[in-house]
Novice: 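Mind having a look at this structure? Questions to follow.
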Amino acid sequence: HFSHSGCQIAISPDTKHFAVDWLGVEVTRATLGIIGMGSIGYKVAQRAKAFEMKILYHNRNRRKREEEQAVGAHYCEKMDDLLQQSDFVVLVVNLSPETRKLIGKRELGLMKPTATLINISRGAVIDQDALVEALQKKVVRAAALDVTSPEPLPRDHPLLKLNNIIITPHIGTATVQAIHMMAEEAVTNMLAVLNGQPIPSEVVPK
C-alpha cells in the first residue's frame, strides 16, 4: 500500500475506482516514542500532543517536570522500554559515535510488529541492513525515512524495492523560509565571532 501514494492513485489515468481496503494506521491516541528530546524532539512532542498521542521519550538527560507535563511526555530511562511500548518510534538524535547504528537488529526485534520506525535525524543512526531484513520479515510494520546513508541511496539498494517504506530526500527543512532563517543564523554567528562576542548557536558550549 505504500508503493502508491493517495495522490498518485487519485490522478492516475488507470484509476477506475478507489479501493475500499486502502487503510492506514490511526495516530490519535497511539503511543509515540521519541528518541532524542532536544529542541526538535520537543517540538515533535508538542505536535503529537495535538493528536492526543501518548508520548514516551528517551534522552541522555531527563527534561524538567514542567516541560514533561506541558506535552504529557513520560520519561523512559531505558530505550528498550520505549521500543517495546511504542506504535511509532521517531529518531531525533545527533549523529555521534554513541548514536551510530543506535537502532540495529536487536532494537528492531524489541519493537511491536505493528510499529512504524521514523528517522528524521541522520541515516547512520539506523543499521540499514538490519532494517531491510526487519521490513522484509515484517518484524516491524513499516519505516519512514527522511535520511539515509548515503544520500541518495544507490539505485539498486534493497530499501528502494520494499513496499512498506517511505523515503523522502532529506527535505525536513526544505522550505524557502527555513533555508533563509538558517542563512541568517549563520551570518549572525559569523559576525559574533568576528566581533569577539558570545556565539549564539555554539555547537559545543565552552
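Predicted model only: the values in this text are computed from it and were never measured. For this chain, numbers begin at 1 and follow the sequence in order.
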Novice: So do Thr116 and Val89 actually touch side chain to side chain, heavy atoms under 4.5 Å?
Specialist: no
Novice: Using a 6.0 Å cut-off, check whether atom NZ of Lys112 has over 12 heavy atoms from anything other than its own residue.
Specialist: yes
Novice: Do Leu95 and Leu117 sit in one hydrophobic cluster, given that two such residues count as connected whenever their side-chain heavy atoms are within less than 4.5 Å of each other, even indirectly?
Specialist: yes
Novice: Between Lys161 and Asp156, is any pair of side-chain heavy atoms under 4.5 Å apart?
Specialist: yes
Novice: Once you round to the nearest 0.5 Å, how far does CD of Gln69 lie from NE2 of His74?
Specialist: 10.0 Å
Novice: So, for Ala130 and Lys105, which heavy atoms are closest and what is the spacing to 0.1 Å?
Specialist: CB-N, 3.6 Å
Novice: Are the side chains of Met53 and Val27 in touch, meaning some heavy atoms are under 4.5 Å apart?
Specialist: yes
Novice: Near Lys43 NZ, under 6.0 Å, is it more than 12 heavy atoms from other residues, nucleotides or ligands?
Specialist: no
Novice: Taking the side chain as everything from C-beta on, heavy atoms only, tell me whether Phe88 gets closer than 4.5 Å to Val25.
Specialist: yes
Novice: Are Glu185 and Ser201 close enough, and set up right, to give a side-chain hydrogen bond (donor to acceptor under 3.5 Å, both in side chains), and what steps lead you there?
Specialist: CA-CA 8 Å; Glu185 187 176 349; Ser201 310; 2.4 Å; yes
Novice: Measuring only between side-chain heavy atoms, which start at C-beta, is Arg62 closer than 4.5 Å to Tyr57?
Specialist: yes
Novice: Please examine the side chains of Ser86 and Leu83, heavy atoms only from C-beta on, and report whether any two atoms are closer than 4.5 Å.
Specialist: no
Novice: Are Val139 and Val90 connected into the same hydrophobic cluster when the rule is that any two of I, L, V, M, F, W, Y join if their side-chain heavy atoms are below 4.5 Å apart?
Specialist: no
Novice: Salt bridge (charged side-chain N to carboxylate O under 4.0 Å, His left out), that's the test. Do Arg60 and Glu98 meet it? Break it down for me.
Specialist: CA-CA 11 Å; Arg60 278 176 304 189; Glu98 292 78 43; 5.7 Å; no
Novice: Step by step, would you call Val147 with Ile120 a side-chain contact (heavy atoms from CB on, under 4.5 Å)?
Specialist: CA-CA 6 Å; Val147 287; Ile120 59 170; over 6 Å; no
Novice: Can you name the nearest heavy-atom pair linking Val92 to Ile34, along with the distance?
Specialist: CG2-CG2, 4.0 Å
Novice: Which heavy-atom pair separates Ser149 from Ala124 by the least distance, and what is that distance?
Specialist: CB-N, 3.9 Å
Novice: Could you tell me whether the side chain of Ser12 and the main chain of Ile9 form a donor-acceptor pair under 3.5 Å?
Specialist: no
Novice: Cation-pi check for Tyr42 against Arg63: NZ or CZ below 6.0 Å from the six-membered ring centre and within 45 degrees of the axis, yes or no?
Specialist: yes
Novice: Please evaluate residues Glu133 and Lys137 with respect to the criterion salt bridge (charged side-chain N to carboxylate O under 4.0 Å, His left out), reporting the C-alpha separation (whole Å), side-chain torsions for both, the decisive distance (0.1 Å), and the verdict.
Specialist: CA-CA 6 Å; Glu133 186 182 353; Lys137 294 181 176 175; 2.8 Å; yes
Novice: Examine Val44 and Leu56 and state if one hydrophobic cluster contains both, with Ile, Leu, Val, Met, Phe, Trp and Tyr joined whenever side-chain heavy atoms are less than 4.5 Å apart.
Specialist: no
Novice: Within the distance-only criterion (no hydrogens, no angle test), does the side chain of Asp127 pair as donor or acceptor with the backbone N or O of Ile103 below 3.5 angstrom?
Specialist: no
Novice: Name the one of Thr168, Asn119, Thr173 that satisfies side chain to side chain donor-acceptor pair (under 3.5 Å) with Asp146?
Specialist: Thr168
Novice: Would you indicate whether Glu77, at its atom CD, is surrounded by more than 12 heavy atoms from other residues, nucleotides or ligands within a distance under 6.0 Å?
Specialist: no
Novice: Look up atom CD1 in Ile166 and atom CG in Leu145, then write down how far apart they are to the nearest 0.5 Å.
Specialist: 9.5 Å
Novice: Are Met79 and Leu110 packed together at the side-chain level, in the sense that at least one heavy-atom pair is separated by less than 4.5 angstrom?
Specialist: no
Novice: State plainly whether one hydrophobic cluster holds both Leu160 and Leu131, where clusters connect Ile, Leu, Val, Met, Phe, Trp and Tyr through side-chain heavy atoms under 4.5 angstrom apart.
Specialist: yes
Novice: Identify the heavy atoms of Leu108 and Val140 that sit nearest to each other, and give their distance.
Specialist: O-CG1, 3.9 Å
Novice: Would you please classify the geometry between the Tyr75 ring and the His58 ring as parallel, tilted or perpendicular, with 30° and 60° separating the classes?
Specialist: parallel
Novice: Could you check Met182 against Ile179 for side-chain contact (heavy atoms from CB on, under 4.5 Å), going step by step and ending with a plain yes or no?
Specialist: CA-CA 5 Å; Met182 287 158 69; Ile179 298 298; 4.2 Å; yes
Novice: Using every non-hydrogen atom in the two residues, find where Lys49 and Val71 come nearest and quote the distance to one decimal.
Specialist: CD-CA, 3.5 Å
Novice: Counting only heavy atoms from other residues, nucleotides and ligands, does the tally under 6.0 Å from CZ of Arg100 exceed 12?
Specialist: no
Novice: Could you walk me through whether Arg106 and Asp80 pass the salt bridge (charged side-chain N to carboxylate O under 4.0 Å, His left out) test, one step at a time?
Specialist: CA-CA 10 Å; Arg106 189 188 77 84; Asp80 287 7; 3.0 Å; yes
Novice: With side chains defined as the heavy atoms from C-beta onward, is the minimum distance between His157 and Thr148 less than 4.5 Å?
Specialist: no
Novice: If hydrophobic clusters are built by linking Ile, Leu, Val, Met, Phe, Trp and Tyr wherever their side-chain heavy atoms come under 4.5 Å apart, do Met111 and Ile118 end up in the same one?
Specialist: no
Novice: Might you work through the side-chain contact (heavy atoms from CB on, under 4.5 Å) test for Leu91 and Ile126, ending with a clear yes or no?
Specialist: CA-CA 9 Å; Leu91 300 169; Ile126 296 177; 3.6 Å; yes
Novice: Quick check: does any side chain N or O of Lys54 sit under 3.5 Å from a backbone N or O of Gly72, one acting as donor and the other as acceptor?
Specialist: no
Novice: Quick check against the 3.5 Å criterion: does Asn59 have a side-chain atom that pairs as donor or acceptor with the backbone of Met37?
Specialist: yes
Novice: Using a 3.5 Å distance criterion without hydrogens, assess whether the side chain of Asn164 forms a donor-acceptor pair with backbone atoms of Leu135.
Specialist: yes
Novice: Knowing that exactly one of Asn189, Val187, Thr188, Val193 qualifies, which makes a side-chain contact (heavy atoms from CB on, under 4.5 Å) with Leu191?
Specialist: Val187
Novice: When rounded to the nearest 0.5 angstrom, what distance separates CE in Met181 from CD in Glu184?
Specialist: 8.5 Å
Novice: Work out which heavy atom in Ile35 is nearest to a heavy atom in Val93; give both atom names and the distance.
Specialist: O-CG1, 3.4 Å
